Amino acid sequence: MVKVVSLGVEGRLGNLDQIAAIHTNIIKNGQEQDHFVVFELLRACSRFDAIDYAMEVFRRTRQPNVYVYTAIIDALVACGSSYHAISSYVHMIENSVCPDNFVVNSVLKACALELDLRVEFDDMQKVFDEMPQRDIVATTVMISSYSEHGLVDRALAVFDLPKVRDTVCWTAMIDGLVRNGEMSKSLECFRQMQREGVRANEVTAVCMLSACAYLGALELGKWVHSYIEKYAIKVNHFVASALVTMYLRCGSIREAERAFEEAKKKDVST
DNA sequence: ACTATTCGCG
């Protein structure tokens with residue numbers, strides 16, 4: 001355990017050195033103001049938790065465009081500095097950089113994070129409402145953050161807005177219902193998803209299987225299992241353990257063992 | 001060019 005931690009730190013420092021080396025090269029090549037290059041550099045910093053370095057790179061950028069702002073906001077969100085992420089967005093607007101849906105979605109995430117500290121949802125809803133055109137990703141962010149805070153009705157209200165909803169959006173809603181104990185509503189939601197012809201993925205399957213486990217709905221659980229096989233949904237360890245748990249809760253020890261063996265055979269990864 | 005969804009296990 002101790003070894004893993006120290007390896008992690010060493011690896012991180014090594015990578016930070018690499019980033020610094022890359023940065024030096026960028027400066028040498030006169031690409032320090034190249035938005036595309038800065039964007040990639042900021043993302044690299046974020047991947048290695050080098051937020052201070054990212055801030056320094058950002059500060060050196062004279063006229064950041066919307067991509068550069070998105071990268072720094074994402075980096076701030078990733079390290080939990082939702083307040084600074086929101087400030088950066090305000091800064092962007094003040095500098096007359098036109099926002100796109102991507103950066104607004106990043107701010108939505110920051111707002112959602114901020115809600116863990118305060119209890120005011122209106123700012124988030126306002127950002128969402130004032131988007132130039134709402135997209136499905138923003139809707140999904142709203143659904144999952146409302147659900148996370150137990151506000152299922154508000155999640156459902158947002159879910160009702162778009163004309164077309166994709167797999168991820170449906171899954172976020174189903175997950176929200178499951179996590180808030182609205183099991184039968186989650187089943188109904190899944191059925192509606194099927195009716196509208198939206199394909200489920202491995203995340204949807206996990207949510208459904210946990211609802212089935214909770215309700216002891218063996219038949220539906222089996223149906224989901226066959227759906228997984230029919231559409232070759234990848235059985236990662238989430239799906240594998242959800243299958244086993246579902247069969248166990250439904251009292252089908254034999255099926256649980258079979259699912260377990262099946263997963264072992266397939267060498268379940270990630 | 002960038003954004004969204006899953007309970008982890010010794």
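None of the values given here were measured: they were computed from a predicted structure. We use all heavy atoms of the structure for the numbers below, so side chains are in, but hydrogens, waters and symmetry mates are not. Every chain is numbered from 1, with letters handed out A, B, ... down the list of sequences.
Between A/Ile72 atom CD1 and B/dC2 atom P the separation is 17 Å, expressed in whole Å. In this structure, the CG atom of A/Leu243 is 13 Å from the C1' atom of B/dT6, given to the nearest Å. Taking atom CZ of A/Phe36 as the reference point, atom C1' of B/dC2 lies 11 Å away to the nearest angstrom. A straight line from CG of A/Asp74 to P of B/dA4 spans 7 Å, rounded to a whole angstrom. In this structure, the OH atom of A/Tyr67 is 6 Å from the C1' atom of B/dA1, given to the nearest Å. Atom pair A/Arg249:CZ and B/dC7:C1' shows a separation of 11 Å (rounding to whole Å applied). Between the P atom of B/dT3 and the CE atom of A/Met92 lies a distance of 16 Å, rounded to the nearest Å. Counting to the nearest Å, the C1' atom of B/dT5 and the NZ atom of A/Lys234 are 12 Å from each other.
Ring planes of A/Trp223 and A/Phe190: perpendicular class, angle over 60° (limits at 30 and 60°).
By the salt bridge (charged side-chain N to carboxylate O under 4.0 Å, His left out) test, A/Glu130 pairs with no residue at all, sequence neighbours left out. Take A/Ala242 and apply the side chain to side chain contact (heavy atoms under 4.5 Å, CB included) test, not counting sequence neighbours, and it matches A/Val206, A/Leu209. Under the salt bridge (charged side-chain N to carboxylate O under 4.0 Å, His left out) criterion, A/Glu229 pairs with no residue at all, not counting sequence neighbours.
A/Ser106 comes within 4.0 angstrom of nothing in the nucleic acid, heavy atoms only. Heavy atoms of A/Thr167 sit nowhere under 4.0 angstrom from any nucleic acid atom.
For B/dA4, the OP1/OP2 oxygens have no side-chain nitrogen or oxygen of A/Arg134 closer than 4.0 Å. Residue A/Lys109 places at least one side-chain N or O under 4.0 Å from the OP1 or OP2 atom of B/dA4.
Counting only heavy atoms from C-beta on, A/Glu202 has its side chain closest to B/dT6 among B/dA4, B/dC2, B/dT6. You'll find that the side chain of A/Val137 is closest to B/dA4, out of B/dT6, B/dC2, B/dA4. Closest approach to the A/Asp100 side chain among B/dA4, B/dC2, B/dA1 is made by B/dC2 (side chain taken as heavy atoms from C-beta onward). Proximity note for A/Asn105 (side chain, C-beta onward) versus B/dA1, B/dT5, B/dT3: the nearest is B/dT3.
Using modelled atom types, one side-chain atom of A/Tyr227 and one backbone atom of A/Ala200 make a donor-acceptor pair closer than 3.5 Å.
Aromatic stacking of A/Phe39 on B/dA1: not satisfied for centres closer than 5.5 Å together with planes under 30 degrees. B/dT3 has no base stacking with the ring of A/Phe102 when judged by centroids under 5.5 angstrom apart and an interplanar angle below 30°.
Membership of the apolar cluster around A/Val244 extends to A/Leu248, A/Ile253, A/Phe260, as traced through chained side-chain contacts below 4.5 Å between ILVMFWY residues.
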Taking distance alone, no hydrogens or angles, what donor-acceptor pairs closer than 3.5 Å link side-chain atoms of residues 79-87 of chain A to residues at least two apart or in another chain?
residue, atom, partner, partner atom, Å
A/Ser82, OG, A/Glu114, OE1, 2.6
A/Ser87, OG, A/Tyr83, O, 2.9

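Of the residues in residues 168-185 of chain A, those placing a heavy atom less than 4.0 Å from an atom of DNA chain B are A/Val168, A/Thr171, A/Asp175, A/Arg179, in numerical order.
Here the side chains of A/Ile72 and A/Val68 are not in contact, with every heavy-atom distance at 4.5 Å or above.
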